[in-house]
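Only one structure is covered here, and it is reproduced in the block below.
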There are 2 protein chains.
Amino acid sequence: MMGRPSTQYSLYLVLDPDHTASDPITIAAEALDNGVTCVQLRWKSATDRQVVDLARSIHQLTEPRHIPLIVNDRLDIALAVEAEGVHLGVDDLPLRDARRIAGESFIIGYSPEADDQIVDAEQAGASYLGIGPFSGTVTKSNAGPALRATEFARRRSLTDLPVVAIGGMTANNAAQAFAAGADGIAVASAILGASDPVEATRRLRAALPGRL
Amino acid sequence: MMGRPSTQYSLYLVLDPDHTASDPITIAAEALDNGVTCVQLRWKSATDRQVVDLARSIHQLTEPRHIPLIVNDRLDIALAVEAEGVHLGVDDLPLRDARRIAGESFIIGYSPEADDQIVDAEQAGASYLGIGPFSGTVTKSNAGPALRATEFARRRSLTDLPVVAIGGMTANNAAQAFAAGADGIAVASAILGASDPVEATRRLRAALPGRL
């Protein structure tokens, strides 16, 4: 279903304008120029029209760099801006419906919450999973208790899909996540909240295993 | 683009579970059996998954009766449940994108707020317009001042699309709206808040012009 290199999700930026200290488009451009391999746009406080407009602007940055843009929650907005993917949670559009609507080559990320949801996700149409919170997170208020490496590794072992570790990821705990089986780390505040997003992205990039 | 009878929107139920006194599926069934010609599902407080599930249940009622089901705001949910249409506002997905994604035969309703939005709507892909609030509304808190018949008629004259009058519609002001050029009336509380939804629907049905 995927046929994409495993490096695709290695340094995955969750761009959330509600948590950026400065202009989100500038931060995205800086992060893309310094090693981010995937961008998800998440903007809960905006109108749909605002998300569409920002997504189009971000897509103009990602597309020439062959970096996938993934829209959080909203398949309709992802299709409207011709993004490469959507990311769904267990309370969102069902995976099977999203896969049927979007077709085989579309990226569909999924955040399972229970073991059976992890096990069933590939069959239901997910392209990759986000599993977390790996550590404490400041960006998502209802993320639940931190999994830490042992529980992350156990959940990761339940699927053959690529898995991105999310929630409190930093340059300091990246090695732990990859050792626990992560194919990538998803970061928000580590870049969005940094005083120097360029330097923060470079430090995260340097913390990835050599193969990525 | 439409090729549908003009009676399609004549008695248009906006089904909003946040404003129903009893089970929304029961109310929908009663309204459908007593003259409603179109159903929109609007449920702002629910998760996407809850809207998907309820929309599927409502579609099982509407489809055998050849009544269109229209999902408020969300084209992805409309496509997921194979509804007949979506209804968009000016802060939602752009009409042109929705039309491109959904194809020519899909119903796309639109609620314009300014004259140029009314004038441009047909070209942008709208199938019909909702114009209001015709009278005072209790269901939508931010609907703005009532247009009344004269201003409704002026706005209605700006487009050749079918126009549904919405906002405070009752059996008592229905004749006014049709005289002002409405092709249909959209009702929420007049049915949802009625002590007897069957009788309320029949009274609305009886208030429609003879040709409908």
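Here is the naming used below: chain letters follow the sequence lines, and residue numbers restart at 1 for every chain. Excluded from the calculations below are hydrogen atoms, water molecules and symmetry mates; all remaining heavy atoms, backbone and side chain alike, are included.
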Among the listed options A:Val90, A:Asp73, A:Ile77, the residue most often paired with chain B at heavy-atom distances under 4.5 Å: A:Val90

Side chain A:Asp91, main chain B:Arg49, donor-acceptor under 3.5 Å: no

A:Asp160 atom CG, neighbour heavy-atom count above 12 within 6.0 Å: no

Any A:Asp48 side-chain heavy atom under 4.5 Å of B:Leu93 side chain: no

N-O pairing of B:Arg56 and A:Asp97 below 4.0 Å: yes

Nearest-0.5 Å distance, CG of residue B:Asp76 to CG of residue A:Asp76: 3.5 Å

Per-residue contact mode, B:Arg74 against chain A (heavy atom under 4.5 angstrom): both

Close side-chain approach of B:Leu79 and A:Ile101, heavy atoms under 4.5 Å: yes

